[in-house]
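To start, the structure itself, in structure tokens.
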Amino acid sequence: MTNIIIQGIAGRMGRAVYELVRQREDCRVAAGVDRADPGLPIPVAARLEELAIRGDVLIDFSSPEATRAALRYCRGALLPCVICTTGLTAEDQALVFEAAKTIPVFQSANMSLGVNLLAELAQKAARLLGPSYDVEIIEKHHRNKLDAPSGTALMLLNAMQKAAETPYDPVVYGRHAARQKRGAREIGIHAVRGGSIVGEHEVLFCGPDEVIALSHSAGSRSVFANGAINAALFLANSINKAPGLYSMKDLVGSL
């Protein structure tokens, strides 16, 4: 039985992870961390250092500030962690890399297997279609999402940048600031915020006389929560899991 600690347990994703774990027999939520009281029948502390319970792995769905604290704690406690928080700065990402030298760290901008498949397909399309196709990324999320563009949109961008013979440049976030013709290797990223949209991502390849669209739409948060749980078990169930930075590709390869 794997004991999971959830940081950000009072949030939407934290609660979704908690509810899914309750339906499983191979793991349980031992404790939670959040400044708000979620009203759950488990120990919940405002800070990781205040927990009296030792878990096997941490799942972090919180904020960049809380993620920084979690990385420091997990390094000191030698606790494997799954980082699901997006909107991290370059300095935050450096902390992730540093922690991975000491402990196993799993990180993905999106915990859905479907979205990671979308990234691979977009990468392959960018490589095969080449510079004659203009590329646009459109992402849609609920009205309360703070970061824009989404971490997943940036993940899609990075995947295509790796495949392109000539890098996409510039990256344009909306076009209201300039009235000019589109550049040959320009790539656009557009964010929509409204209502209760869980998460939708679309990559458009606009070429001569045709448009190819690759898209993913999440029907509920459970697809992300389930991915986070599987990532946690991937780290915790391997006793000799070496320190390092693991991703969805490592998880898929282990299945």
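If you read the sequence from its start, that first residue is 1, and numbering goes on from there. What you see is a predicted model; the values in this text were computed from it and never measured.
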Quick one: are [X] and [Y] in side-chain contact, heavy atoms under 4.5 Å?
X      : Y      : answer
Ile103 : Pro80  : no
His201 : Ser150 : yes
Val223 : Met111 : no
Arg54  : Asn3   : no
Ile83  : Leu71  : yes
Val203 : Ser215 : no
Arg193 : Lys140 : no
Pro167 : Arg185 : no

- Worked verdict on Arg75 versus Glu98 for side-chain contact (heavy atoms from CB on, under 4.5 Å): CA-CA 9 Å; Arg75 286 181 64 188; Glu98 191 64 27; 3.5 Å; yes
- Task: Any chance you could measure Ile59, atom CD1, to Cys27, atom SG, to the nearest 0.5 Å?
- Result: 8.0 Å
The criterion is side chain to side chain donor-acceptor pair (under 3.5 Å); which residues satisfy it with [X], sequence neighbours excluded?
X      : answer
Thr152 : Asn110
Asn230 : Arg24
Asp147 : Thr86, Lys145

- Message: Around atom CZ of Arg182, are there more than 12 heavy atoms from other residues, nucleotides or ligands closer than 6.0 Å?
- Response: yes
- Message: Can you confirm whether the side chains of Glu136 and His190 place a donor and an acceptor under 3.5 Å from each other?
- Response: yes
- Query: With no hydrogens and no angle check, do the side chains of Thr67 and Thr85 hold a donor and an acceptor under 3.5 Å apart?
  - Reply: yes
- Hey, which of Val57, Leu235, Asp26 is the one that makes side chain to side chain contact (heavy atoms under 4.5 Å, CB included) with Thr2? Val57
- Does Glu186 reach the main-chain N or O of Gly183 with its side chain, forming a donor-acceptor pair under 3.5 Å? yes
- Message: Any side-chain to backbone donor/acceptor pair from Asp34 onto Ala10? Under 3.5 Å, distance only.
- Response: yes
- Task: Taking all non-hydrogen atoms of both residues into account, name the closest pair between Lys101 and Pro243 and its distance.
- Result: O-CB, 3.7 Å
- Note on the structure: Looking only at heavy atoms, the pair that brings Leu251 and Phe106 closest together is CB-CE1, 3.9 Å
- Please test Leu88 against Gln107 for side-chain contact (heavy atoms from CB on, under 4.5 Å), starting from the C-alpha separation and ending with a verdict. CA-CA 12 Å; Leu88 302 183; Gln107 184 184 35; 3.6 Å; yes
- Fellow cluster residues of Val33, listed by chain then number, with links counted only when side-chain atoms sit under 4.5 Å apart: Ile5, Leu48, Leu51, Leu58, Tyr73, Leu79
If hydrophobic clusters are built by linking Ile, Leu, Val, Met, Phe, Trp and Tyr wherever their side-chain heavy atoms come under 4.5 Å apart, do [X] and [Y] end up in the same one?
X      : Y      : value
Val17  : Phe224 : yes
Leu204 : Val115 : no
Met13  : Leu40  : yes
Leu154 : Val96  : no
Leu121 : Met155 : no

- Enumerate the residue pairs fulfilling side-chain hydrogen bond (donor to acceptor under 3.5 Å, both in side chains) with a member in residues 153-170, sequence neighbours excluded, ordered by first and then second residue. none
- Task: Please identify each residue that fulfils ring-ring contact (aromatic ring centres under 6.0 Å, His included) with Tyr246, with sequence neighbours left out.
- Result: Phe234
- Would you sort out whether Phe205 and Asp134 count as a side-chain contact (heavy atoms from CB on, under 4.5 Å), showing the intermediate values? CA-CA 6 Å; Phe205 294 87; Asp134 298 325; over 6 Å; no
- Run the salt-bridge test on Arg68 and Glu65 with the 4.0 Å N-O cut-off and return the result as yes or no. no
- Item | Trace of the side-chain contact (heavy atoms from CB on, under 4.5 Å) decision for Ile4 with Asp56 | CA-CA 6 Å; Ile4 297 174; Asp56 299 312; over 6 Å; no
